[in-house]
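Remember, it's a predicted structure, so these values are computed and weren't measured experimentally.
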Amino acid sequence: MGVGLKMPRTSVHMLLTLTSLATILKLLGIPYREILLAVAPALLLDPIIDAGHTSSGRSIITHSILTAPLIGLLVYLSTGLLIGFLNPFIKSLGLDTKSLENLILYGCLYTSILHLLLDSLTYQGIHIPGLGWVSMADLESQGVLANIIPVAISIALVYFFWAGGGAWTHI
């Protein structure tokens, strides 16, 4: 690809994970104090998946439709151990640990799928067993076009659902 502006792909993944997952949880009526705790483990998942980049591109270990959700489950299980350890503290905050664990599980699975969806828009694509590497578009993973999409979605979510964007927040 030609010389052009490079953007940080992992932070863009994390931005969309934060804004979209938090918005989904907000629309589901999850209390605000639980949203950040439920989203935090999911934010760890994007850098873990992107750590699977090799000198030749993406790794099947982290960028396959079979393995990325498994990595999400590993993050969930690790977080579950921490929640178990911090259970008295979490309960003292008035939070339901079982509900929080469920939100984290769904959040980690959602994040793994969202990450692959965004990566499928790049020329490197994602790995689908039986098909190999599949790409739905030919975008450069650090290019402006591939990264402006999740940034624009994030800005719209913040405006319409978090910053009082008018009619959308009063439905």
Side-chain angles (χ1 to χ4, degrees), residues 1-28 30 32 35-76 79 103-104 106-169 171:
M1 296 257 131
V3 176
L5 181 64
K6 299 284 185 188
M7 296 186 73
R9 61 185 173 264
T10 303
S11 59
V12 171
H13 278 291
M14 293 173 71
L15 176 65
L16 186 58
T17 293
L18 172 65
T19 58
S20 64
L21 184 54
T23 301
I24 290 166
L25 295 176
K26 178 182 179 184
L27 292 173
L28 290 173
I30 303 302
Y32 291 124
I35 289 175
L36 184 58
L37 291 173
V39 171
L43 291 176
L44 296 173
L45 192 52
D46 286 316
I48 292 170
I49 291 174
D50 274 345
H53 289 222
T54 66
S55 59
S56 61
R58 295 182 175 134
S59 168
I60 291 175
I61 295 171
T62 58
H63 286 82
S64 170
I65 62 169
L66 292 179
T67 56
L70 290 176
I71 294 169
L73 287 174
L74 289 174
V75 170
Y76 159 73
T79 305
L103 293 174
I104 291 169
Y106 298 134
C108 286
L109 294 175
Y110 167 81
T111 301
S112 66
I113 293 166
L114 179 63
H115 191 108
L116 293 179
L117 177 65
L118 290 175
D119 281 355
S120 73
L121 299 175
T122 67
Y123 75 89
Q124 293 172 312
I126 60 171
H127 188 267
I128 299 177
L131 294 177
W133 290 95
V134 175
S135 173
M136 295 191 310
D138 194 28
L139 303 176
E140 166 65 42
S141 64
Q142 287 183 303
V144 173
L145 191 52
N147 287 280
I148 200 69
I149 295 167
V151 169
I153 293 169
S154 294
I155 290 169
L157 290 172
V158 168
Y159 176 75
F160 288 119
F161 295 99
W162 293 96
W168 289 96
T169 58
I171 294 177

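Applying the side chain to side chain contact (heavy atoms under 4.5 Å, CB included) test to Leu15 and every residue at least two apart in sequence or in another chain returns Thr19, Val151, Ser154. Under the rule for a side-chain hydrogen bond (donor to acceptor under 3.5 Å, both in side chains), Thr62 has no partner lying at least two apart in sequence or in another chain. Scanning for side-chain hydrogen bond (donor to acceptor under 3.5 Å, both in side chains) contacts around Ser112 gives an empty result, with sequence neighbours left out. Judged as a side-chain hydrogen bond (donor to acceptor under 3.5 Å, both in side chains), and not counting sequence neighbours, the contacts of Tyr110 are Ser20. For Asp46, there are no salt bridge (Lys or Arg N to Asp or Glu O under 4.0 Å) partners two or more places apart in sequence or in a different chain.
Judged purely by atom type and a 3.5 angstrom limit, Thr17 has no side-chain atom pairing as donor or acceptor with the backbone of Leu43.
With values rounded to the nearest 0.5 angstrom, Ile35 atom CD1 is found 10.5 Å from Leu18 atom CG. In this structure, the separation between NE2 on His127 and OG1 on Thr67 is 9.0 Å, given to the nearest 0.5 Å. Annotation: the span from Asp119 atom CG to Leu114 atom CG amounts to 9.5 Å, rounded to 0.5 Å. With values rounded to the nearest 0.5 angstrom, Thr79 atom OG1 is found 5.5 Å from Ile104 atom CD1. Atom CG of residue Leu44 and atom OG1 of residue Thr111 lie 10.0 Å apart, to the nearest 0.5 angstrom.
The minimum heavy-atom distance linking His63 with Ile49 is given by the pair CE1-O, 3.2 Å. Shortest non-hydrogen contact noted between Ser141 and Asn147 is O-ND2, 3.0 Å.
Listed by first and then second residue, the side chain to side chain donor-acceptor pair (under 3.5 Å) pairs that reach into residues 128-137 come to none, sequence neighbours excluded.
When each of Leu21, Thr23, Leu27 is checked for a side chain to side chain contact (heavy atoms under 4.5 Å, CB included) with Leu25, only Leu21 meets the rule.
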- For Thr122 and Arg58, run side chain to side chain contact (heavy atoms under 4.5 Å, CB included): C-alpha distance rounded to whole Å, both residues' side-chain angles, the deciding distance at 0.1 Å, then the answer. CA-CA 11 Å; Thr122 67; Arg58 295 182 175 134; 2.7 Å; yes

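Residues Leu117 and Met136 meet the side-chain proximity criterion, which asks for heavy atoms closer than 4.5 Å.
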